[in-house]
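Heads up: the structure comes next, in structure tokens.
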Amino acid sequence: MTIILDGKKTANKILENIKEQTKQFSKKPKLAVVLVGDNPASEIYVKNKSLKAESIGFESLVINLPSDVTDDNVLEHIFILNEDTNINAILVQLPLPQHLNTQKIIEAIDPIKDVDGFTSYNFGRLVLGYNPYAIPCTPKGIIRLIDEYNIDLEGKNVLVIGRSNIVGKPVSLLLQSRNATVVMAHSKSVDIKSWAKKSDIIISAVGKANFINPDFIKQDAVVIDVGINRNNNVITGDVDFISVAPLTSFITPVPGGVGPMTIAMLMENTFELFKIQHSLFLI
Ligand code: GUN
């Protein structure tokens, strides 16, 4: 029997809980999002993030910068946000336009406000197994969804397809810390299919519609689809859901799987940073 991993339901439960807890504070957590340029997908993501923040009683600020902005100009905005005690969390929407230095811009974020956990301080602490201020939202959301359905990770063979800093690398670390045996595949990997066929759990962050078909699946595997592929306004994941789902024990839908969990974890991270700053600085 196949169980659909309902990210929307799980995310709503988490968000409802954060909303209740937020009411106990006289101040509101505040998330700032920096959006550079006019990438339509990024514009939608940012809008969803700020609407969701406001719907649970947070404040949000979106800083829209033109696509020809310079590194120094973006850095100036980050420094102002770092200094502003009303701002608890800073997110720079990725990808940035080609001419910008992503590393320099992300590194400028104060680690205590780094809601994505992308600075070398927080990411380094994740690698070392220390407590970062924040853990990247999509990987954290994947693990939370797996836990929600009591899927055991210990000793499981997990194939992660994709090695990005946003998903592949951090999710591999989190899985390994939960005693899974992790294989990381990527665009240069040879014969991903045969790795997949041996895997108890497949996490696909490839960005190619229908990349995962029934030939990749061991009977009763768990399949987590992180892909968001747009075709004529229809969003699909990396997995050919209709043909793959019947072979699996658990599978995420797209939309309604990992996506809502990412936003829920962004709100959770914002709230956690707010609480840390609250206790450290008595804001
Ligand atoms: N672009 C796609 N996913 C993410 C994310 O989790 N954080 C940021 N900052 N940009 C993204």
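Counting starts at 1 for both ligands and their atoms, in listed order.
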- Is it the case that one hydrophobic cluster holds both Ile161 and Val158, taking links as side-chain heavy atoms less than 4.5 Å apart, direct or via other members? no

- Item | Qualifying residue for side-chain contact (heavy atoms from CB on, under 4.5 Å) with Phe118, from Asn165, Leu94, Ile109, Val92 | Leu94

- Could you state whether Met267 and Tyr45 fall into the same hydrophobic cluster, counting links through intermediate Ile, Leu, Val, Met, Phe, Trp or Tyr residues with side-chain heavy atoms under 4.5 angstrom apart? no

- Task: Take the angle between the ring planes of Phe274 and Phe25 and call it parallel below 30°, perpendicular above 60°, tilted in between.
- Result: perpendicular

- Query: So which protein residues pack against ligand 1 under 4.0 Å, heavy atoms counted?
  - Reply: Leu91, Val92, Gln93, Leu94, Asp116, Phe118, Ile166

- Message: If we count only N and O atoms by modelled type, under 3.5 Å, do the side chains of Glu43 and Asn39 hold a donor and an acceptor together?
- Response: no

Pairs of donor and acceptor atoms involving the side chains of residues 53-66, under 3.5 Å and at least two apart or interchain, shall be tabulated with distances.
residue, atom, partner, partner atom, Å
Glu54, OE2, Ser60, OG, 2.8
Ser55, OG, Lys52, O, 2.8

